[in-house]
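Each residue takes its place number in the sequence, starting with 1.
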Amino acid sequence: NNFEFIIIDDHSTDKSWKIVLDYAKKDKRIKPYRNAKNRGIVYTRNKGFKLMSKKAKYIAIFDADDVSYPNRLEEQVYYFENRNKGSNLGVLGSYINLIDENSKNIGYREYEYNPHRIRKNILMKSPLAQPSVMIRRDVIDDVGGYRVDSGFDRAEDFNLWVRINDKYDIANIPEPLIKYRISSTQGKTTHLKETIRSTINTQWTWLFKPGYFNFKVLIINMILRFMLLLPSKLILYVFKKMEYKKNGHK
């Protein structure tokens with residue numbers, strides 16, 4: 001019961017804002033805000049960080065088209081409070097079940113859960129599903145929010161995880177705590193090549209820093225640059241074959 005639900009409407013043009021306000025009248029934990037114009041993910045998420053209550057200890061990120069399981073917050077807070085003894089855990093994610101636009105289960109995705117292996121392979125690919133994460137408030141205050149400069153604003157989550165990983169541990173709970181929706185309108189589909197470019201930029205920025213060089217990452221970076229020459233539909237097909245596993249968790 002002890003949480004606030006910050007909802008930021010990024011200047012939607014449908015009935016979303018009215019729906020949010022209706023729910024806010026029924027539950028005082030809901031704090032509704034609306035951007036004066038459409039500002040995008042990076043600006044809006046950073047705004048959410050600033051709107052957090054001064055008493056808030058953790059922030060759980062979530063997207064409008066996904067579904068959290070009822071035990072999500074409980075499981076993650078318990079992990080931070082009881083299994084973080086002697087560690088420096090900054091961000092905690094989970095496995096995810098995949099659903100389509102009609103909420104049909106189409107598979108699942110597992111993530112590395114060992115902080116040491118995540119640290120070793122951080123530049124290989126994003127170690128977390130963004131809408132599954134919970135972050136310590138003091139970690140965000142320390143490293144800052146999402147980068148707003150051009151070139152990093154599409155794979156904004158990957159860039160933030162790498163910066164956090166430089167100072168703190170990252171882990172995942174090895175069970176699904178959210179349903180992640182795969183749709184034709186999500187940003188990584190409609191702006192696929194921009195997302196790849198942002199990923200390339202983050203890898204290249206950190207690859208030659210002390211303790212980060214990985215020959216495999218260099219190869220992946222070159223492959224991603226080549227993939228930019230391919231049609232977006234083919235790139236998306238390849239990614240799905242690589243990352244989606246069938247028959248999701250129960």
Side-chain angles (χ1 to χ4, degrees), residues 1-69 72-77 79-80 89-94 96 126-150 152-165 167-168 170 177-181 183 185-188 191 195 198 202:
N1 292 321
N2 186 26
F3 70 90
E4 61 180 349
F5 188 2
I6 297 172
I7 303 179
I8 305 177
D9 183 294
D10 194 16
H11 202 75
S12 61
T13 56
D14 55 14
K15 296 181 180 179
S16 294
W17 181 234
K18 181 181 182 304
I19 293 172
V20 171
L21 292 179
D22 288 343
Y23 274 103
K25 293 176 182 177
K26 302 174 184 177
D27 193 327
K28 297 302 180 183
R29 293 174 298 184
I30 297 176
K31 311 289 179 61
Y33 299 91
R34 192 167 194 251
N35 291 338
K37 62 179 181 179
N38 185 269
R39 301 298 297 267
I41 290 177
V42 171
Y43 173 90
T44 304
R45 288 200 191 283
N46 285 338
K47 178 178 179 179
F49 294 151
K50 295 175 182 177
L51 291 171
M52 292 172 63
S53 166
K54 299 298 182 183
K55 298 179 180 179
K57 191 174 181 180
Y58 307 106
I59 181 168
I61 295 177
F62 203 58
D63 291 329
D65 53 349
D66 302 321
V67 180
S68 269
Y69 287 115
R72 179 204 170 172
L73 298 183
E74 178 184 8
E75 292 285 341
Q76 291 183 307
V77 170
Y79 194 104
F80 267 113
L89 185 64
V91 184
L92 180 65
S94 73
I96 60 176
S126 182
L128 298 155
Q130 181 165 240
S132 79
V133 305
M134 181 174 284
I135 312 175
R136 278 170 34 202
R137 165 70 170 273
D138 60 318
V139 170
I140 287 294
D141 290 342
D142 182 24
V143 305
Y146 295 100
R147 288 188 61 168
V148 299
D149 45 325
S150 178
F152 298 93
D153 55 349
R154 275 298 167 187
E156 74 287 339
D157 53 339
F158 180 45
N159 184 272
L160 179 58
W161 311 149
V162 174
R163 287 187 284 123
I164 290 176
N165 177 78
K167 294 184 175 183
Y168 303 93
I170 294 175
L177 295 180
I178 72 164
K179 296 179 182 180
Y180 181 82
R181 194 178 306 276
S183 71
T185 59
Q186 64 186 157
K188 288 184 179 178
H191 300 280
T195 301
S198 291
T202 294

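- Leu160 has its side chain within reach of Val143: a pair of non-hydrogen atoms, C-beta onward, lies under 4.5 Å apart.
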Using the side chain to side chain contact (heavy atoms under 4.5 Å, CB included) rule, take Phe49 and Ile61 through it: C-alpha gap first, then chi angles, then the decisive distance, then the call. CA-CA 10 Å; Phe49 294 151; Ile61 295 177; 4.3 Å; yes
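- Arg34 contributes no side-chain N or O that, together with a main-chain N or O of Trp17, makes up a donor-acceptor pair within less than 3.5 Å.
- Other residues, nucleotides and ligands place more than 12 heavy atoms under 6.0 Å from the OH atom of Tyr33.
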Test side chain to side chain contact (heavy atoms under 4.5 Å, CB included) applied to Ile7 and Tyr23, step by step: CA-CA 11 Å; Ile7 303 179; Tyr23 274 103; over 6 Å; no
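- Between the side chain of Ser94 and the backbone N or O of Ser132, no donor-acceptor pair lies under 3.5 Å.
- Residues Ala155 and Ser198 approach most closely at N-CB, 3.2 Å, considering heavy atoms.
- Scanning both residues, Arg181 and Asp65, for their nearest heavy atoms gives NE-O, 2.6 Å.
- For the 3.5 Å distance criterion, the side chains of Tyr43 and Asn35 fail to qualify, holding no donor opposite an acceptor.
- When side chains are defined from C-beta on, Phe62 counts as touching Ile178, because their heavy atoms get closer than 4.5 Å.
- Here the straight-line distance linking atom OG1 of Thr44 with atom NE2 of His11 works out to 12.0 Å at 0.5 Å rounding.
- One finds the NZ atom of Lys15 at 14.0 Å from the CG atom of Leu21 (value rounded to the nearest 0.5 Å).
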Evaluate the criterion side-chain hydrogen bond (donor to acceptor under 3.5 Å, both in side chains) for residue pair Asn159 and Thr202; output intermediate values, then yes/no. CA-CA 6 Å; Asn159 184 272; Thr202 294; 3.1 Å; yes
Evaluate the side chain to side chain contact (heavy atoms under 4.5 Å, CB included) criterion for residues Val139 and Ile164: first the C-alpha distance (whole Å), next the side-chain angles of each, then the deciding distance (0.1 Å), finally the verdict. CA-CA 7 Å; Val139 170; Ile164 290 176; 3.9 Å; yes
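- Residues Arg29 and Asn1 share a closest heavy-atom pair of CD-O, 3.6 Å.
- Across all non-hydrogen atoms, the minimal contact from Leu73 to Ala60 is CD2-CB, 3.7 Å.
- Counting heavy atoms from C-beta outward, Arg137 and Asp141 have side chains that approach closer than 4.5 Å.
- In this structure, CD1 on Ile6 lies 6.0 Å from CD1 on Ile59, to the nearest 0.5 angstrom.
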With salt bridge (Lys or Arg N to Asp or Glu O under 4.0 Å) as the criterion, how do Lys18 and Asp22 come out once you've worked through the C-alpha distance, each side chain's angles and the decisive distance to 0.1 Å? CA-CA 6 Å; Lys18 181 181 182 304; Asp22 288 343; 3.1 Å; yes
What do the steps show when you test Asp63 against Arg45 for salt bridge (Lys or Arg N to Asp or Glu O under 4.0 Å), and what is the final call? CA-CA 10 Å; Asp63 291 329; Arg45 288 200 191 283; 2.4 Å; yes
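- Looking only at side-chain heavy atoms (C-beta outward), Val77 and Phe80 stay at 4.5 Å or farther from each other.
- Considering only heavy atoms from C-beta on, Lys31 stays 4.5 Å or farther from Leu51 through its side chain.
- At least one side-chain heavy atom of Arg163 sits less than 4.5 Å from a side-chain heavy atom of Arg147.
- Atom CG of Asn2 is surrounded by 12 or fewer heavy atoms from other residues, nucleotides or ligands within 6.0 Å.
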Stepwise side chain to side chain contact (heavy atoms under 4.5 Å, CB included) test for Ser126 and Trp161: CA-CA 8 Å; Ser126 182; Trp161 311 149; 3.3 Å; yes
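- Between Asp10 and Gly40, the shortest heavy-atom contact is OD2-N, 2.9 Å.
- With hydrogens and angles ignored, the 3.5 Å screen pairs no side-chain donor or acceptor of Glu156 with any backbone N or O of Ile41.
- In this structure the side chain of Gln76 never reaches within 4.5 angstrom of the side chain of Val133, judged on heavy atoms.
- Annotation: side chain of Tyr168 is in contact with side chain of Asp142 (closest heavy-atom distance under 4.5 Å).
- The CD1 atom of Ile30 sits 6.0 Å away from the CZ atom of Phe5 when rounded to the nearest 0.5 Å.
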